[in-house]
Amino acid sequence: MFLTVTCNPALDWMMRLPAFAEGVTNRSAADDLSYGGKGVNVATMLHRFGQDACASGFIAGTTGTALVEGVEAAGVPCDFVRLDAGQTRINVKMKRPRADGSLEETEINGCGPAVDPVAIATLRRRIERLGSDDCLVLSGSLAPGCPADLYADLAAAAAEHGARCVVDTTGAALTEALAARPFLVKPNNHELAELAGCDAADEVAVVAAARDLARAGARFVLVSCGAAGALLVDAKGLIARGAAPAGALVNSVGAGDSMVAGFLAGLAGASLPGCESLCPGADDAVYALRLGLAAGSATAFSPSLASAGQVSDLLPVTFVKPCN
Ligand SMILES: O=P(O)(O)OC[C@@]1(O)O[C@H](CO)[C@@H](O)[C@@H]1O
C-alpha cells in the first residue's frame, strides 16, 4: 500500500482570467475546484493507475471536511488527522493567456492551519503501522508548527518498519530527510540548482547535484525539468534521460505529483489499458521514468490531474534513453 502524507493539503481553486490588474476587482471567465496538496495528488494518480493508495496528513475545519469528501468520492481512501482549530487552506491558481498565446500561471498558496505536537504524534503512530510491503510518500511544504526535521523523523519511522519512503519537498526538509535513506526524492531542476548554486539549464551540473543527493542517502533522484523532460540519477550518476512528449501547457498544477505517481506505479509494474506490451514488469527504473514522464506531461496538457486514459495516449510517444 502507498500511504501519502500531505502536511498542508489544499482545496485548489483554479481560475481562468482573461486579464489581470493589481489593485482593482478582477473577474474570472471560468472556475474549477480540485482537491489537492502534493501527496493528495500523488494518491489520486496512484489510484488511477490501479494502485492501493491512501491519502493522509492533517486537515482542519469545514474546508478539511470538503477535501476528504472530495478525495473519497474519487475513490481514494483517506486517513487524515483532524486538527482542533483552523481551516484547511484554499490555494488560488490563476491562469491567464499572454500576448504571445502562451499561458501565464500565478499561484497564491495559503499558509494553512497550525499543526500541534499531539496531531504529529497521532500521524507518527499511523506510520508505525506500515510494513515492508508499504511505501510512505511525504510530499509538499511543511505546515505551520511542523518541525523542520518532521519528514526526516517520519521517514526514519517508516524505515524502522521496513517501508520504503519517498520525499518530494524542498530546502532543509529535503536535505534533513536524506539521513533516513529515502528510496526516492524528486526535486525539479530549479530546486536542485538553488541547492547546488548552479544553472538549472546546465544538465551536467544538475546531474552532479542530483548525484550528491543520492550520495547523501537517496536511492534514486528523479529530476523533473519541465518541458525539457526528466532525469533519473543514482549515486553513480545518470541512469536515464527522458524527453517530454510534445503538447501545449494547459495546467502545471500537479504535473510533478503525477510524475512521482507514474514513476512509483511504473516501478510496481503497473501497465495501462492499451499499453500492456510496453510494461516490462516490476522494478524496471527506465519504464518507471517513462510512465512518470507520460503522467506528468498528461497532467500538464489537461485542465486538472490526467486520467489513466490520457496517460495511456502519451505513453507510446514518450521516449526514455538509458545512459549506462
Ligand atoms: O504549498 P506546497 O505544499 O508546496 O504546494 C501545494 C500545491 O501548490 O502543490 C500541489 C501541486 O503540486 C497543489 O495541489 C497545491 O496547491
Side-chain angles (χ1 to χ4, degrees), residues 4-15 31-48 53 55-60 63-64 66-68 70-71 74 76 78 80 86-95 103 105-115 123 137-146 148 150-151 154 166-174 177 184-191 194-195 222-226 230 249-264 292 295-306:
T4 72
V5 167
T6 316
C7 288
N8 209 348
L11 299 180
D12 286 338
W13 188 241
M14 318 277 198
M15 305 177 97
D31 313 318
D32 199 9
L33 174 68
S34 53
Y35 304 97
K38 292 187 167 50
V40 173
N41 294 335
V42 172
T44 303
M45 290 303 290
L46 282 168
H47 173 74
R48 291 181 186 178
S56 172
F58 305 108
I59 50 148
T63 46
L67 180 118
V68 169
V71 177
V76 182
C78 290
F80 283 90
Q87 294 283 340
T88 288
R89 62 187 173 154
I90 297 174
N91 289 348
V92 177
K93 317 287 184 182
M94 296 188 292
K95 296 171 203 308
L103 187 73
E105 295 181 293
T106 305
E107 304 191 23
I108 305 174
N109 285 4
C111 67
V115 174
L123 178 68
V137 183
L138 303 166
S139 289
S141 57
L142 294 175
C146 291
L150 178 66
Y151 282 165
L154 299 180
V166 174
V167 181
D168 180 9
T169 189
T170 53
L174 169 63
L184 175 74
V185 296
K186 196 217 65 70
N188 65 40
N189 55 336
H190 295 282
E191 289 157 358
E194 203 179 310
L195 269 181
L222 174 59
V223 186
S224 54
C225 305
L249 175 68
V250 176
N251 156 57
S252 70
V253 176
D257 311 327
S258 302
M259 182 181 282
V260 170
F263 183 87
L264 294 174
S297 302
T299 288
F301 303 158
S302 354
S304 56
L305 294 180

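Numbering of ligands and ligand atoms starts at 1, following listing order. Here the structure is a predicted model, which is why all the values come from computation and not from measurement.
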Closest to atom 5 (O) of ligand 1 (judged by heavy-atom distance), picking from Lys93, Lys38, Glu107, Met14: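 It is Lys38 whose heavy atom sits nearest to atom 5 (O) of ligand 1.
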
Closest non-hydrogen atom pair between Leu123 and Gly57, with its separation: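 Where Leu123 meets Gly57 most closely, the heavy atoms are CD1-N, 4.2 Å.
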
Heavy-atom pair of closest approach, residues Val167 and Leu174: CG1-CD1, 4.4 Å

Contact atoms of ligand 1, heavy-atom distance to [X] under 4.0 Å:
X: Asn91; value: 6 (C), 15 (C), 16 (O)
X: Gly140; value: 3 (O)
X: Asp12; value: 13 (C), 14 (O), 15 (C), 16 (O)

Sequence-distant partners of Glu194, salt bridge (Lys or Arg N to Asp or Glu O under 4.0 Å), two or more places apart: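 For Glu194 there are no salt bridge (Lys or Arg N to Asp or Glu O under 4.0 Å) partners, ignoring immediate neighbours.
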
Treating [X] as the side-chain partner and [Y] as the backbone partner, does any N or O pair qualify as donor plus acceptor under 3.5 Å?
X: Thr88; Y: Ala60; value: yes
X: Asp31; Y: Met15; value: no
X: Thr169; Y: Gly140; value: yes

I need the nearest protein heavy-atom contact for [atom]: residue, atom name and distance, please.
atom: atom 2 (P) of ligand 1; result: Ser141 OG, 3.3 Å
atom: atom 11 (C) of ligand 1; result: Asp257 OD2, 3.3 Å
atom: atom 6 (C) of ligand 1; result: Arg89 NH2, 3.5 Å

Test of proximity, Asn8 against ligand 1: N or O pairs below 3.5 Å: no

Short N or O distance, Gly36 and ligand 1, threshold 3.5 Å exclusive: no

Ligand 1 contact on Asn41 by region, counting heavy-atom pairs under 4.0 Å: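 Only the side chain of Asn41 comes within reach of ligand 1.
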
Glu191 and Thr170: side chain donor to acceptor below 3.5 Å: no

Chi angles and distances behind the side-chain contact (heavy atoms from CB on, under 4.5 Å) call for Asn251, Lys95: CA-CA 8 Å; Asn251 156 57; Lys95 296 171 203 308; 3.3 Å; yes

Proximity flag Gly37 to ligand 1, non-hydrogen atoms under 4.0 Å: yes

